[in-house]
Every structure is written in structure tokens, then in C-alpha cells.
Amino acid sequence: MLRSSIIVWLSGAIVAAGVWHFQVVPSDNALMILGVMLSVLFGFYVTQLTVLIGSSASRFLYEKFDKKTNKRLLTLFVVDYRRCTLTCIVTVALVFIYIFFQEQITLLLPQSAVLIVSVISGLLTVALMRLKQMFDLMLRLLMQEAPYVERQTLNDVETVRKAEIRSMMDRIKI
């Protein structure tokens, strides 16, 4: 479902190679910000999953088939979703391992610190590009599903509004 994994991973590799080549070592503050940012990114994935469980969007994906692979779109979405969250979790784990053991890593093997930072940078690039793709996929899903969604929610809002007005009127009469 997500487009061109090759471009995403190639971009991550280019960023990682650039970080390795220029021997970039981020500050502790930058690493903490990265850790927080990736944790928020993981929160996005958890929220997205929570919204999709039991929604008409998941049913819509289940009922539709990919023309190329003849697999259900829900199956393809779940595979992409797992890959995105795995990339995010591995990157968060590497950031926190590096933060906690930075001094030991630098003392034992100074070059390994740059290697870990380059891997983190490459995975971060992949995670951000995948986030963008997942966001675009959700927007496409919104556009495709919109004509098929039942309009009960508008009726429910109107029913609740009438009940609130009746309740308010009953209070005034007392």
C-alpha cells in the first residue's frame, strides 16, 4: 500500500552515509529531542490503530482488494503498519541505548559512536518518510471511504441536541 520502499530506504542509507562521512555527533540535548519526537511518532501510530479498530475504515479496507496483488487492502495496510511501527520502535531503542551508554560506547570504540548515530539518522529518515506516507494513505482512505460512510452520526448529533434542549426546558419549568 505504501509507495516505493526502495526510495525510502535509499534515502535513509544516503542520510546515514552522510552522517558517517561527516562524523556527525549530536549533542545530548539533540538526542533527547529525537527520543521525544520518536515517542510522539509512535504515539501517532498507536492513536491511528485505536481509531481504525472497529471503524468503517477498517471494514472498507477489508472489503477492497489490491488490483496488483489481489490481496485485501486491510492485509496490506497491516503489513505496512507493522513495518512503520517496527522502524519507529527500533529507532527509539537505539536512541535511548545511545543516550544511556554514550560514554561507554565512546570510550570503548570511538568509531562505533558515529556508526550508531549514522544508523539512528538513517532509521529516523525512514521513520519520518514512512510517517508522511502513512499520513497520505490515511488521507486517501478518507477520500475513498467518504462516499460509503453511513450518515447516522449526523442524526445522532441531532437526537442528542434535542434531548439536551428538552432537559434544559424541563429544568426551567421546575
If you count every heavy atom of other residues, nucleotides or ligands that lies below 6.0 Å from [X] atom [atom1], does the total exceed 12?
X	atom1	answer
F65	CZ	yes
I53	CD1	yes
E103	CD	no

[atom1]-[atom2] distance between [X] and [Y], expressed to the nearest 0.5 angstrom:
X	Y	atom1	atom2	value
I165	D170	CD1	CG	12.0 Å
E63	L74	CD	CG	10.5 Å
Q111	S118	CD	OG	10.0 Å
L128	L123	CG	CG	11.0 Å
L73	F60	CG	CZ	7.5 Å
I97	I105	CD1	CD1	8.0 Å

Do the side chains of [X] and [Y] join up, straight or via other hydrophobic residues, at under 4.5 Å, putting them in one cluster?
X	Y	result
L142	L61	no
V114	F100	yes
I99	I116	yes
F135	L131	no
L10	V8	no

request  = Give a yes or no on whether a salt bridge exists between R140 and D136, defined as a side-chain N under 4.0 angstrom from a carboxylate O.
outcome  = no
Please tabulate, for side-chain N and O atoms in residues 82-95, each donor-acceptor pair with protein atoms closer than 3.5 Å (sequence neighbours left out).
from, atom 1, to, atom 2, distance (Å)
T85, OG1, Y81, O, 3.1
T85, OG1, R82, O, 3.0
T87, OG1, R83, O, 2.9
T91, OG1, T87, O, 2.7

query = Where is the tightest heavy-atom contact between A113 and T106, given as atom of each residue plus distance?
reply = CB-OG1, 4.1 Å
ask   = Taking all non-hydrogen atoms of both residues, which atom of Y45 and which atom of M134 are closest, and how far apart?
value = CE2-CG, 4.0 Å
ask   = Under the side chain to side chain contact (heavy atoms under 4.5 Å, CB included) test, which residues partner L52, sequence neighbours left out?
value = Q48, S55, A57, F77, M138, L141
What pairs of donor and acceptor atoms, side-chain ones from residues 13-42 against any protein atom, are under 3.5 angstrom apart with sequence neighbours left out?
from, atom 1, to, atom 2, distance (Å)
Q23, NE2, W20, O, 2.8
S27, OG, A30, N, 3.1
S39, OG, G35, O, 2.8

